[in-house]
Amino acid sequence: MNLAIIGAQWGDEGKGKIVDLLAPHFDIVTRYQGGHNAGHTVIIRREGVEQKFVLHLIPSGITHAGKTCVIGNGVVVDPRALLHEMDELRGQGIEVSPSNLLVSNRAHLILPYHVALDRAIEASRGGNAVGTTMRGIGPAYEDKMARRGLRAGDLTEPSTLAEKLTQSARQANRLLSVLGGEPIDEKMLIEDGMRWCDLLSPHICDTTYYLNRSARAGRSLLLEGAQATMLDIDHGTYPFVTSSNSSIGGACTGAGIPPSLISMTIGVIKAYTTRVGGGPFPTELNDSLGEEIRARGGEYGASTGRPRRTGWFDAVVARYAVMVNGLNAMALTKLDVLDDLDEIRICTGYRINGHETDQVPYDAGQMSAAEPVYESMPGWREKTVGIQKIADLPAKARDYVDRLSELSGAPFAFVSTGAERNETIISADLLGRYGLQLDI
Ligand code: IMP
């Protein structure tokens, strides 16, 4: 049984927690797109002590002994960020070795000049800045598509690496001088490159063959999406998106596996909406309630610390995510953040220039002009933190969950009521129908 986890909004839905919860039931956990722009927070209790891990590049399965974690070909890998994360995890007592962390030789590298270009390009956009994470993600994917990128496999061939780095740095420096960015020191880049060869080569291999052969041999795959449907380069609110396919198609191209291997796709979605960076957000709350939700939900970026914009649940977005990804089920997160509200709103459609629609417009300008059409539900005003059974939810909270599912068009396999693994309502029946047996 192979399962894909996808973000169903604009990211930060709590995918890390859901992947962490599921990881013990799978053999291999794979990241397939994005880079260290992601920030997957995992909170676990080990020997009675709470430990917090913020994973950016390494799959969230790494905290579980005996699992293999794969960084697939569709990911863009910054060697400095990867080495830093490996060290941090080791410092927290987690094993990270070539036996549990594999990096695709086809994964493209984020090099220091990509970060400099990200900064320079964002600065040149002025008021239309995307609000990127400044991690060099976009420029690295640009080089991939322009067929001039360096790949992790290049780090396993030190004899040709220096020449490749020199050529790329020269080209990037020419571009940086036009954009007014800081040029890169070629010599330092080559020294760094040689160090990365030594440290990362043992992890780099052909993960496409590894994943396909493993799946055929009956080992199970958990595919960990980063970012989300509305940040997808094709299906999101372009140009205010990331540079990868963060919807389901990216799982196949970014891991090198066929769609027929994916048994189930689950979309992770928050009980309200957040977004970081620029771009349209129809249900945004620019008021004290928005601030309250931000404070209560701890809505600050796991990667950049930026405050997240907050708003009501948008069922237009949810339905779109169900459609684009063919979601078999969803995981609803952070329900408990809404515990104290008198009234809760759900956006069921948009009014754009006087016309009502239940569709996500293709154009960011139209999406910015969309006024949400709301329906209102009474709040439950009771604590739901830590509840593990759907029957134990207050009746009004259950009504809210049911309504979200009805409007979105997919059932909930999980309802998360807190940050810890066990603070979760799990529909074992639903998961069992797709061949996933959780012993709970
Ligand atoms: P980039 O991926 O750094 O190029 O940023 C492009 C857009 O995607 C920006 O609006 C970022 O804030 C957003 N973004 C990228 N990664 C994440 C994430 O993991 N969570 C939420 N937003 C993200």
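Counting begins at 1 with the first residue of the sequence. First listed ligand is number 1; within each ligand, the first listed atom is number 1.
Close approach to Val276 involves these atoms of ligand 1, each under 4.0 Å from a residue heavy atom: 10 (O), 12 (O), 21 (C), 22 (N). Listed by atom number, the atoms of ligand 1 under 4.0 Å from Asp12 heavy atoms are 20 (N), 21 (C). For ligand 1, the atoms sitting less than 4.0 Å from at least one non-hydrogen atom of Trp10 are 21 (C), 22 (N), numbered in the order shown with element in parentheses. Atoms of ligand 1 found under 4.0 Å from any heavy atom of Gly131 (numbered from 1 in listed order, with element): 9 (C), 10 (O), 11 (C), 12 (O).
With respect to the salt-bridge test (charged N to carboxylate O, under 4.0 angstrom), the residues Glu291 and Arg294 do not qualify. Ion pairing between Asp20 and Lys17 fails under the 4.0 Å rule for side-chain N and carboxylate O. Using a cut-off of 4.0 Å between Lys/Arg side-chain N and Asp/Glu carboxylate O, Lys52 and Glu50 are scored as not salt-bridged. Comment: Glu186 engages Arg170 in a salt bridge, judged by a side-chain N to carboxylate O separation of less than 4.0 angstrom.
Thr265 and Asn325 are not linked by any side-chain donor-acceptor pair at a separation below 3.5 angstrom, with hydrogens and angles left out of the test. Side chains of His108 and Asp143: a donor-acceptor N/O pair is absent below 3.5 angstrom, by distance only.
Under a 3.5 Å cut-off, the side chain of Tyr320 and the backbone N or O of Ala8 do not form any donor-acceptor pair.
Between Tyr374 and Trp312, the angle of the ring planes goes over 60°, which puts this pair in the perpendicular group of the 30/60° scheme.
A search for side-chain contact (heavy atoms from CB on, under 4.5 Å) contacts involving Gln171 returns Arg148, Arg174, not counting sequence neighbours.
Nearest protein neighbour of atom 3 (O) of ligand 1, counting heavy atoms only, is Thr133 OG1, 2.5 Å. Scanning the protein heavy atoms around atom 5 (O) of ligand 1, the nearest turns out to be Thr132 CA, 3.4 Å. Taking atom 17 (C) of ligand 1 as the reference point, the nearest protein heavy-atom neighbour is Gln227 CG, 3.6 Å. Closest protein heavy atom to atom 2 (O) of ligand 1: Thr242 OG1, 2.6 Å. Ranking the protein heavy atoms by distance from atom 14 (N) of ligand 1 puts Leu231 CD1, 3.8 Å first.
For Arg306, every heavy-atom contact with ligand 1 shorter than 4.0 Å involves the side chain, none the backbone. Under 4.0 angstrom from ligand 1, the non-hydrogen atoms of Val241 all belong to its backbone.
By the 4.0 Å heavy-atom criterion, Arg135 is excluded from the residues contacting ligand 1. Put simply, part of Ala38 is less than 4.0 Å from ligand 1, judged by heavy atoms.
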